[in-house]
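Everything numeric here is computed off the predicted structure, so don't read it as measured data.
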Amino acid sequence: DKLRHVAMALGAHAASRHQGKVVCKVEANSTKKWAYAGPFSLVGSWDDWVDMHPMQAEYTPDNLGQRRFSISIALPADMEQVEFQIAFDGDWALRFCPASQAPFAAPIGPVDVHGSNFVVTVPLGCRRLDVTWDPTGMRQLVVDFFEG
């Protein structure tokens with residue numbers, strides 16, 4: 001598979017660059033109980049919001065032993081735009097979504113909000129969406145697209 005689109009980091013409110021990635025600071029705006037340790041799932045338009053797809057926890061040296069979560073989703077051949085949210089513990093009432101519909105809006109949540117989705121355009125020829133979610137500190141969501 002060949003990377004077809006530059007990674008897009010979502011979250012520009014109070015954004016800064018750190019080691020080539022856009023990171024953003026998001027104030028704690030939720031009183032709902034959740035844990036940085038997950039579990040998290042991705043839910044979206046590629047399957048009409050039917051299934052919650054579990055994200056895999058990963059530890060890497062560059063995130064100082066903190067956990068982040070990732071998933072790879074096969075996209076339908078005719079998909080031109082993808083919308084999605086991240087759910088905590090499979091609970092529709094505990095979703096993370098963008099603070100606004102502005103490009104690169106910061107992730108907020110968990111909230112019980114319908115219709116406030118991360119929206120990304122699928123580059124021509126790409127059929128795989130990779131999402132990496134770091135819910136800790138300065139929350140970061142990175143989206144990559146790949147061919148095939």
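The number of heavy-atom neighbours closer than 6.0 Å to CD of Glu80, taken from other residues, nucleotides and ligands shown, is 12 or below.
Taking each heavy atom of Pro98 and Ala105 in turn, the nearest pair found is CB-CB, 3.9 Å. Nearest heavy atoms, Cys97 versus Ser116: CB-O, 2.9 Å.
Note: Phe40 and Trp34 have perpendicular aromatic rings, judged against thresholds of 30 and 60 degrees for the angle between ring planes.
With sequence neighbours left out, Ser70 forms a side-chain contact (heavy atoms from CB on, under 4.5 Å) with Glu58, Thr132.
A distance-only check finds no donor-acceptor pair linking the side chain of Gln85 to the backbone of Val43 [under 3.5 Å]. At least one donor-acceptor pair under 3.5 Å links the side chain of Asp91 to the backbone N or O of Ala93. Using modelled atom types, one side-chain atom of Ser45 and one backbone atom of Glu83 make a donor-acceptor pair closer than 3.5 Å.
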- Query: Val122 and Arg127: side-chain contact (heavy atoms from CB on, under 4.5 Å), yes or no, with the steps?
  - Reply: CA-CA 8 Å; Val122 178; Arg127 294 296 162 245; 4.0 Å; yes
- Item | Cys126 and Leu75: CA distance, side-chain angles, deciding distance, side-chain contact (heavy atoms from CB on, under 4.5 Å) verdict | CA-CA 8 Å; Cys126 291; Leu75 299 175; 5.9 Å; no
- Task: Walk me through it: do Trp92 and Met52 pass the test side-chain contact (heavy atoms from CB on, under 4.5 Å)?
- Result: CA-CA 9 Å; Trp92 282 98; Met52 290 208 182; 3.3 Å; yes
- Task: Could you check His53 against Trp46 for side-chain contact (heavy atoms from CB on, under 4.5 Å), going step by step and ending with a plain yes or no?
- Result: CA-CA 11 Å; His53 303 269; Trp46 54 86; 3.2 Å; yes
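Put simply, Trp49 and Val111 are part of two different groups of oily side chains (I, L, V, M, F, W, Y) that touch within less than 4.5 Å, one to the next. Taken together through direct or relayed side-chain contacts under 4.5 Å among Ile, Leu, Val, Met, Phe, Trp and Tyr, Met55 and Val143 form part of one hydrophobic cluster.
Ionic pairing of Asp134 and Arg139 is not present here: no N-O contact between side-chain nitrogen and carboxylate oxygen is shorter than 4.0 angstrom.
With rounding to the nearest 0.5 angstrom, the CD1 atom of Ile86 is 10.0 Å from the OG atom of Ser41. A distance of 13.5 Å separates CG in Asp47 from CZ in Phe84, rounded to the nearest 0.5 Å. We find the CG-OG distance between Asp144 and Ser72 to be 9.5 Å, quoted to the nearest 0.5 Å. For the atom pair Leu94 CG and Lys33 NZ, the distance stands at 12.0 Å (nearest 0.5 Å).
For Trp133 and Phe118, the ring centers are positioned 6.0 Å apart or more.
Side-chain contact check for Phe145 versus Leu129: some heavy-atom pair is nearer than 4.5 Å.
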